[in-house]
Amino acid sequence: MQTSLYRQPAVRRLAIIALLAEIGYAVLNLSAMQPYLRDERKFGEGVIGLVLVCFLLSEAIFKSPMGHLADRFGPKKLMFFGPMLSLGTSLISLVVPRTGGAPLEVITFLGLRVLDGVGAAMLWPAAFSAMGDAVEDDQRQEAMSLLNLCYMVAIAVAFLIGGIANDLSGTKWASLVLSAVLFAGVALAVYRLVPNEIEREHHPTADGHSTGFKEFLESIKQIPTYLILSVVTFAGIGFPMAIFKHFPRDEFDFSETKIGALIFPSAIAMAVLSVPMSRFGEKIGRCRSVHIGMGLCASGIWLIGLGGIFPFLGSPWVFGLAGMPVGIGFLLAIPAWMAAVSDIDPRRRGVNVGAIMTAQGLGAIIGAPIGAYLYERSSETHSHFWHYSPFIGCAACVTLGWLMSLRLLRDPHRAV
């Protein structure tokens, strides 16, 4: 008789680690870095977007090689050293000399985010691969939805605790200290909770002399459809990434704590729904889950973006309501997507998952600086349209990804 997913110790341990890690990265990149660089370091949105791109580019480049290393050496080592590296980048960010955005200060932050991207690249392919190994084949999509649950809870908690830390301290650097503490907790949890037996034996496909680039090229041949969809869709997600916390502050005059309080209930509701939605996705099929999920995401983002054309839609209530179809669509599409990739070739699970994450990162790299530039342009032109333009760009890309999925993903059991 098959053991329930939540009764499996390995699954629970990995979920705890994923939750702590995602809170740490969400606090650092979504809650802390944007206000810290703009208010404390006096960087413009364009430069902030460039800093974010360095993180995304580094994460994208290194995820596939790190997935290869996870396949070869087992995930525990990667899951430990990744958060330790991010712990260091968080603390160093506090002591970089302040020069008002001079070139050396900017370059230093670019370099720190590159290292931070390497840390994230170490952690996530290994975590997804470990979760895939920890469960039976028919539990894999539900297991991936559990990682989604951790992601949504983390987003809810990160904005709230990051905002509270900054508002209570009266600074924009307190949340950086918080992220460092969280990364230390992740490393400790990996060291104590992940048993050595979760590490895999050396696979014949993992050449001891390979850097992972050859395996990435093989993934391009094996799963091109998923890689294309990842780039297109995540280019859209990248558009508002660098300005997501600035927008409600500038548009609605929200404090950081209020932003966190607004996001918290919606994200928690999505977390609660993540497992039931994954089970529903299993019933309707992975391919249909991707189709319906991406369609819902596109409709919600268009509702936000149209606030730049129709002023009556530019309100906090519309912004909040639009998040509902986005969240439900996310819960449907992402677990089905990742479970399908994970099932393609169990021997190359880490490599293929890493390749997908690399493609997602490359897409975000395309979108993030464009969205940041468009938003900064709104400050210069005082144009309501340009203020919402990152969300319009996001909606257009996600819509294109949805249309591609309708044409390309027709058989849920095929990778291409």
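All of these numbers come straight from a predicted model, not from anything done at the bench. All heavy atoms count here, side chains included; hydrogens, waters and symmetry mates do not.
A search for side chain to side chain contact (heavy atoms under 4.5 Å, CB included) contacts involving Leu313 returns Leu303, Leu306, Phe310, Val318, not counting sequence neighbours. Under the side chain to side chain contact (heavy atoms under 4.5 Å, CB included) criterion, Ile370 pairs with Phe239, Ile366, Leu374, not counting sequence neighbours. Residues forming a ring pair (Phe, Tyr, Trp, His ring centres under 6.0 Å) with Phe252 (at least two apart in sequence, or on another chain): Phe247, Phe254. By the side chain to side chain contact (heavy atoms under 4.5 Å, CB included) test, Ala372 pairs with Ala242, sequence neighbours left out. Among residues two or more places apart in sequence or in another chain, the side-chain hydrogen bond (donor to acceptor under 3.5 Å, both in side chains) test is passed with Arg38 by Glu45, Asp250. For Ile292, the side chain to side chain contact (heavy atoms under 4.5 Å, CB included) criterion is met by Ile284, Arg288, Leu296, Leu332, not counting sequence neighbours.
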Donor-acceptor contacts under 3.5 Å from residues 182-189 side chains, at least two apart:
none

Please output the side-chain donor-acceptor pairs of residues 104-111 that fall under 3.5 Å, not counting sequence neighbours, one pair per line with the distance.
from   : atom 1 : to     : atom 2 : distance (Å)
Glu105 : OE1    : Thr99  : N      : 3.1
Glu105 : OE1    : Thr99  : OG1    : 2.9
Glu105 : OE1    : Gly100 : N      : 3.3
Glu105 : OE1    : Gly101 : N      : 2.8
Glu105 : OE2    : Arg41  : NH1    : 2.8
Thr108 : OG1    : Leu104 : O      : 2.8

Which pairs of donor and acceptor atoms, one on a side chain in residues 49-58, lie under 3.5 Å apart (sequence neighbours left out)?
from  : atom 1 : to     : atom 2 : distance (Å)
Ser58 : OG     : Val114 : O      : 2.5
Ser58 : OG     : Val118 : N      : 3.3

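A donor-acceptor contact closer than 3.5 angstrom is absent between the side chains of Tyr375 and Ser389.
For residues 314-332, no pair satisfies side chain to side chain donor-acceptor pair (under 3.5 Å), with sequence neighbours left out. Legend: side chain to side chain donor-acceptor pair (under 3.5 Å) pairs involving residues 172-190, not counting sequence neighbours, sorted by first then second residue: Ser90-Ser179, Asn166-Ser175, Lys172-Glu256. Applying the side chain to side chain donor-acceptor pair (under 3.5 Å) test to every pair with at least one member in residues 292-301, sequence neighbours left out, gives no pairs at all.
Met66 and Ala121 make their closest contact through CB-O, 3.2 Å (heavy atoms, listed as atom of the first residue, atom of the second, distance).
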